[in-house]
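Residue numbers begin at 1 in each chain, while the letters A, B, ... track the order of the sequences.
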Number of protein chains: 2
Amino acid sequence: MQRNSIKVSMAVVRRLPKYYRYLGDLIHNDVMRISSKELGKLMGLTASQIRQDLNCFGGFGQQGYGYNVIELQKEIGSILGLSKSYNCVIVGAGNLGQAIANYEGFKREGFILKAMFDVNPRLIGNTIRDIKILDILDLGEYVKSNDIQIGIICVPKEHSQSVADTLIENNVKAIWNFAPTDVSVPDNVVIENVAISESLYTLTYLMNEDSLNI
Amino acid sequence: MQRNSIKVSMAVVRRLPKYYRYLGDLIHNDVMRISSKELGKLMGLTASQIRQDLNCFGGFGQQGYGYNVIELQKEIGSILGLSKSYNCVIVGAGNLGQAIANYEGFKREGFILKAMFDVNPRLIGNTIRDIKILDILDLGEYVKSNDIQIGIICVPKEHSQSVADTLIENNVKAIWNFAPTDVSVPDNVVIENVAISESLYTLTYLMNEDSLNI
DNA sequence: TAGATTGTTAATCGATTAACAATC
DNA sequence: TAGATTGTTAATCGATTAACAATC
């Protein structure tokens with residue numbers, strides 16, 4: 001449990017999904033226990049940092065033993081909110097929207113894709129993995145009447161903010177935005193602006209880093 | 001120019017693409033000059049941080065005036081290595097690979113997509129935006145003989161490391177990995193492991209943050 | 001010139017690492 | 001028990017913010 005409402009820093013929060021993933025891999029490889037030292041070596045973190053991170057939420061380990069992998073993964077999943085399920089819609093049924101719809105891990109972790117939306121009449125009415133593509137004009141009405149909590153935006157950047165606004169008006173609680181522009185939301189809605197190209201530009205920076213120095 | 005080989009921190013580097021994007025938007029809106037204060041308000045950063053960040057690379061501003069938007073964007077693009085062009089291949093021609101192939105900004109910023117690769121015989125031989133999908137068995141040979149610098153991995157995670165190894169053996173300099181697992185590379189190759197789902201889990205964390213506190 | 005805003009140094013804040021007593 | 005490893009406090013390191021002289 002988190003100690004007395006001390007705010008956990010975003011630096012820690014953004015490492016949690018990585019812990020979750022590595023612990024999942026360990027489970028997959030039938031590893032039952034792990035020390036902060038071993039996990040650190042695996043993930044490229046210090047043992048100290050791992051213990052600090054985990055102790056923001058509680059004492060999940062045991063002196064002299066380490067951590068029970070299954071138990072720890074379950075705890076972190078629960079902290080991340082992955083023990084719940086979420087009704088989702090994808091807005092924009094192009095390649096990226098379809099890629100996300102097809103992603104296996106999505107359903108496994110409790111994300112229930114209820115519908116997709118698009119403007120393209122050729123796509124409307126089609127089905128992707130049992131998921132119907134609906135007319136984007138019906139987005140607001142659908143979101144409102146189907147208790148959608150998460151909206152996933154895969155439309156061109158020109159339309160991302162107006163799609164977000166429609167989602168928010170109809171009580172979406174979170175937006176996962178893949179349009180290459182930052183979408184704004186009110187305080188009671190959470191947002192992740194993904195901006196995929198940023199990691200590509202970081203890559204080219206690193207490719208050229210040496211030649212930057214004088 | 002970077003002052004005497006002082007290593008720029010990754011915290012700064014990862015903000016550069018965002019500066020580049022926001023400056024591009026300003027250019028698009030015909031804004032010719034901007035102060036660190038205004039840019040900070042726009043991007044949600046302090047003016048002080050912006051000046052600190054930019055001065056890792058040089059004095060691009062002018063006292064009493066601010067920054068010339070076009071000039072600054074060009075400088076940052078150049079720092080990011082975007083003034084060069086790069087030969088790229090996409091490995092995995094499913095939805096995600098196709099989404100990236102279709103991304104407009106990709107070509108605009110000097111990323112030249114030379115070919116795509118897949119195992120699926122139904123995809124091999126097809127064409128996406130003039131780009132041929134080739135047999136993954138020919139990947140190594142193709143990469144070697146076509147001076148490919150960047151490999152983009154969009155295959156299932158089980159195959160991501162072996163694809164990376166093939167790319168590296170054939171002199172790729174950078175890997176942009178979308179498989180949901182961390183790929184390892186030697187020191188002379190740069191890697192960005194994207195792990196898209198991590199931002200989704202951060203989102204669900206933030207959705208549930210309040211209920212975590214005691 | 002006067003006002004504005006930079007570049008840069010100093011101060012503060014926060015995150016990471018180190019150390020070690022507690023304990024399984 | 002002895003060895004291992006945690007949880008946690010203290011020390012260090014790095015990043016952000018504040019302040020201000022320089023200057024356009």
* Sidechain N-carboxylate O distance under 4.0 Å for B/E104, A/K157 -> no

* Return the nucleotide paired to D/dT8: Watson-Crick means purine N1 to pyrimidine N3 with N6-O4 or O6-N4, wobble means G-U with N1-O2 and O6-N3, both under 3.5 Å. => C/dA19

* To do: Classify the side-chain pair B/Y103/B/Q98 by whether it contains a donor and acceptor separated by less than 3.5 Å.
  => no

* To do: For the residue pair A/D182 and B/Y22, confirm or rule out a side-chain donor-acceptor distance under 3.5 Å.
  => yes

* **Student check: side-chain heavy atoms of A/E75 and A/L54 closer than 4.5 Å** => no

Short heteroatom pairs, N/O only, protein and nucleotides 10-17 of chain D, under 3.5 Å:
from	atom 1	to	atom 2	distance (Å)
D/dT16	OP1	B/R15	NH1	3.1
D/dT16	OP2	B/R15	NH2	3.0
D/dT16	OP2	B/Q49	NE2	3.4
D/dT16	O5'	B/Q49	NE2	3.1
D/dT17	OP2	B/T46	OG1	3.0
D/dT17	O4	B/Q52	NE2	2.5

* Structure fact -> Across every strand shown, the nucleotide meeting Watson-Crick or G-U wobble geometry with D/dG3 (both distances under 3.5 Å) is C/dC24

* Which of residues 23-44 of chain A sit near DNA chain C, with a heavy atom under 4.0 Å from it? -> none

* Does the side chain of B/R51 get closer than 4.0 angstrom to OP1 or OP2 of C/dG7 through an N or O atom? -> no

* Tell me yes or no: between the side chains of B/E38 and B/Y67, is some donor less than 3.5 Å from an acceptor? => no

* So, A/K84 versus B/N208: side-chain donor-acceptor pair below 3.5 Å or not? -> yes

* **Spacing of A/L72 atom CG relative to D/dT6 atom C1', expressed in whole Å** => 13 Å

* Asked: For the pair made of CG in B/L54 and P in C/dT8, what is the distance, rounded to whole Å?
  -> 12 Å

* Judged by modelled atom types alone, do A/Q161 and A/D165 share a side-chain donor-acceptor pair under 3.5 Å? -> yes

* Could you check whether the rings of A/F57 and B/Y205 sit parallel, tilted or perpendicular, using 30° and 60° as the cut-offs? => perpendicular

* **Parallel, tilted or perpendicular, as decided by the 30° and 60° cut-offs, for the rings of B/F106 and B/F111** => parallel

* Structure fact -> The side chain to side chain contact (heavy atoms under 4.5 Å, CB included) partner of A/Y86 among B/T204, B/L200, B/L203 is B/T204

* Asked: Do the side-chain N or O atoms of A/Y67 get closer than 4.0 angstrom to the phosphate oxygens (OP1, OP2) of D/dG7?
  -> yes

* Rounded to the Å, how far apart are B/N55 CG and C/dT9 C1'? -> 12 Å

For nucleotides 21-24 of chain C, print each protein N/O atom paired with a nucleotide N/O atom at under 3.5 Å, atom names and distance only.
from	atom 1	to	atom 2	distance (Å)
C/dC24	O3'	A/Q62	NE2	2.6
C/dC24	O2	A/Q63	O	3.3

